[in-house]
There are 2 protein chains.
Amino acid sequence: MKLTKASTQAALALAYLSSRKDEGFIQARNVAEFLDAPTDSALKILQTLARRGLLQSQLGRSGGYRFSGDPDRVSLLHVVEAIDGPIVSDIRISTGPQVDRMVTVLQSACDHAAAHIREDLNHVTIADLAGKTTRNADLLLAV
Amino acid sequence: MKLTKASTQAALALAYLSSRKDEGFIQARNVAEFLDAPTDSALKILQTLARRGLLQSQLGRSGGYRFSGDPDRVSLLHVVEAIDGPIVSDIRISTGPQVDRMVTVLQSACDHAAAHIREDLNHVTIADLAGKTTRNADLLLAV
DNA sequence: GTTCCCCTACTCGGATACACTTTGTCCGAGTATGATCGG
DNA sequence: CCGATCATACTCGGACAAAGTGTATCCGAGTAGGGGAAC
């Protein structure tokens, strides 16, 4: 299981913004510094998150980004699927004549795996990342 | 969840060879035809499987490949990890100063997901693919 | 008939070129805020 | 004192280059079996 760099940074950025959600709009530059990444890279991630509704953006001179949701109700799954696209099963082969049934079995296994991934990612929230809850994070870390 | 083309073809090849395991060594060309793939591509996959011990290879004039194991004891997990490498959690970010704890939480979630993937893949065997068993395949297809 | 040698058919393993995905960077355009200027 | 205009600081969104990973193809080398020649 791998998280792309982009979705990892997206999760971290959301956690960062959620911890400063009372301070109004935070500029992309600040988020970039937190992520130790170029401003442009952070910008692209923040824009995507805003387009997907996970962040609010404000144009203009004192603009920036703000996390306005409930950190407990935004899961890693939302973040990853917003950035990398949906997690679905994917068999990269053109079904030949003899192998149809076999491919179906493989497909089924992948479907199960994909469902499990989604489930696992859905169990971790932005609040867990930000450490603003005692619900899951320490439990997870203890395992 | 995605299977690479190579590991998919590897699984299909193993299923094919397991269904003909009594016929001695099968040439790579025949496997390639079954997969509807170039001989060279099939060859590389077969070679890797042989190196990993999932197939036996025979040099020389009437050489080829043979599946000598128990189709019920070789799972998709073995195949995928033989071809694509081990399935492990993977966070592609250099841990910064402030984000250590967050990354640890992410890592934990990925670990869980990876374990689930391995579990799911381990439940499907070559025999399930080849249809030589009633144990799992139809069950899987029914879901 | 037996032994030796060569030819053929196949795998082995590395090397290389190609394609796709992910990542990093840049630039023009648009928008809200605050300052400045004119009435 | 008030309103219009302008400069500034930021986001938006696309476009593009660079890097990494997965895929396809090629080629020389090595090995086992069979056929033929020599004895």
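Quick note on labels: first sequence line is chain A, next is B, and so on, each numbered from 1.
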- Item | Pairs meeting criterion side-chain hydrogen bond (donor to acceptor under 3.5 Å, both in side chains) with involvement of residues 6-15 of chain B, two or more places apart | Thr4(B)-Ser7(B), Ser7(B)-Asp84(B)
- Between residues 2-11 of chain A and DNA chain C, which residues have a heavy-atom gap below 4.0 Å? Thr4(A), Lys5(A), Ala6(A)
- Of all residues at least two apart in sequence or in a different chain, which pass the ring-ring contact (aromatic ring centres under 6.0 Å, His included) check with His116(A)? His116(B)
- How would you list all residue pairs meeting ring-ring contact (aromatic ring centres under 6.0 Å, His included) that involve residues 8-33 of chain B, not counting sequence neighbours? Tyr16(B)-Phe34(B)
Which atom pairs, donor and acceptor, lie under 3.5 Å between side-chain atoms of residues 39-55 of chain B and protein residues at least two apart or in another chain?
unit_1	atom_1	unit_2	atom_2	d
Thr48(B)	OG1	Lys44(B)	O	2.9
Arg52(B)	NE	Ala82(B)	O	3.4

- Query: Which pairs with one or both residues in residues 9-20 of chain B pass salt bridge (charged side-chain N to carboxylate O under 4.0 Å, His left out), sequence neighbours excluded?
  - Reply: Arg20(B)-Glu23(B)
- Message: According to salt bridge (charged side-chain N to carboxylate O under 4.0 Å, His left out), does anything in residues 57-68 of chain A pair up with another residue at least two apart or in another chain? List the pairs.
- Response: none
- Message: Among dA9(C), dG24(C), dA32(C), which nucleotide has an atom closest to any side-chain atom of Arg61(B)?
- Response: dA9(C)
- Task: Taking only the side-chain heavy atoms of Asp40(A) (C-beta and beyond), determine which of dC27(C), dT11(C), dT8(D) contains the nearest atom.
- Result: dC27(C)
Rounded to whole angstroms, how far apart are [atom1] on [X] and [atom2] on [N]?
X	N	atom1	atom2	result
Ile83(B)	dT23(D)	CD1	P	11 Å
Asp36(B)	dA24(D)	CG	P	11 Å
Ile91(A)	dT23(D)	CD1	P	12 Å
Gln27(A)	dA9(D)	CD	P	11 Å
Ile45(A)	dT22(C)	CD1	C1'	12 Å
Asp90(A)	dT21(C)	CG	P	10 Å
Phe25(B)	dT11(C)	CZ	P	11 Å
Leu46(A)	dC10(D)	CG	C1'	13 Å

- Quick one: side chain to side chain donor-acceptor pair (under 3.5 Å) partners of Gln107(A), sequence neighbours excluded? Ser89(A)
- Item | Any residue meeting side chain to side chain donor-acceptor pair (under 3.5 Å) with Glu81(B), in chain and number order, not counting sequence neighbours | Arg118(B)
- Message: Counting only side-chain nitrogens and oxygens, does Arg92(A) get under 4.0 Å of the OP1 or OP2 atom of dG22(D)?
- Response: no
- Contact class for Ala28(B) vs. all strands (heavy atom < 4.0 Å): base, sugar-phosphate, or nothing? sugar-phosphate
- Touch check for Gln47(A), heavy atoms < 4.0 angstrom, all strands: base, sugar-phosphate only, or nothing? base
- Query: Going by heavy atoms closer than 4.0 Å, what residues in residues 50-60 of chain A are next to DNA chain D?
  - Reply: Arg51(A), Ser57(A), Gln58(A), Leu59(A), Gly60(A)
- Toward the 5' end of DNA chain C, by each residue's nearest nucleotide, Leu43(A) or Ser62(A): Leu43(A)
Using the 3.5 Å cut-off, write out each protein N or O paired with an N or O of nucleotides 15-19 of chain D and the distance between them.
unit_1	atom_1	unit_2	atom_2	d
dA15(D)	N6	Lys44(A)	NZ	3.3

- Residues which pass salt bridge (charged side-chain N to carboxylate O under 4.0 Å, His left out) with Asp90(B), listed by chain and number, not counting sequence neighbours: Arg92(B)
- Task: Would you check, one step at a time, whether the test side chain to side chain donor-acceptor pair (under 3.5 Å) holds for Thr125(A) with Asp128(A)?
- Result: CA-CA 5 Å; Thr125(A) 67; Asp128(A) 294 328; 3.3 Å; yes
- Item | Taking every non-hydrogen atom, the tightest pair across Asp100(B) and Thr104(B) | O-OG1, 2.8 Å
- Query: If you measure from OG on Ser68(B) to NZ on Lys21(B), what distance do you get to the nearest 0.5 Å?
  - Reply: 7.0 Å
